[in-house]
Amino acid sequence: MSDERAMTYVRENAVELIAQGKITDECWNCRQRVGADGFDAERHGCIEVDGKTYVGVTCEGYHRVTWR
């Protein structure tokens, strides 16, 4: 799954993915939290759901929706 397709999937299924714990406010790869010093939101493909920001798909090429 390409990052673009994965990101579309994340956007369309965000509520379910949050409930499953597959997207959180911490990157599973680099362990950086949204809003932490040096956190690069663009690199992490962040999305906002109900006013809270979650890490989306990409960090150094890893896909968040397919790893668990």
[atom1]/[X] to [atom2]/[Y] distance, rounded to the nearest 0.5 angstrom?
X	Y	atom1	atom2	answer
Tyr54	Thr24	OH	OG1	9.0 Å
Gln20	Asn13	CD	CG	8.5 Å
Cys59	Trp28	SG	CH2	8.5 Å
Lys22	Glu16	NZ	CD	8.5 Å
Glu26	Arg31	CD	CZ	5.5 Å
Leu17	Arg11	CG	CZ	12.5 Å

Write down the atom of [X], the atom of [Y], and the distance for their closest heavy-atom approach.
X	Y	answer
Val55	Cys27	CG2-N, 3.8 Å
Cys30	His44	SG-NE2, 3.4 Å
Phe39	Arg33	CD1-O, 3.2 Å

### Message
So does Arg43 get a backbone contact from the side chain of Asp40, meaning a donor-acceptor N/O pair under 3.5 Å?
### Response
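Yes, because the side chain of Asp40 sits within donor-acceptor range (under 3.5 Å) of the backbone of Arg43.
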
### Task
Measure from the side-chain N and O atoms of Asp25 to the backbone N and O of Val34, and report whether any donor-acceptor pair falls under 3.5 Å.
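Not at all, since once roles are kept as given, no pair shorter than 3.5 Å links the two residues.
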
### Task
Report the C-alpha separation of Ile23 and Ile47 in whole Å, then their side-chain angles, then the decisive distance to 0.1 Å, and conclude whether the side chain to side chain contact (heavy atoms under 4.5 Å, CB included) test is met.
CA-CA 10 Å; Ile23 59 173; Ile47 62 163; 4.0 Å; yes

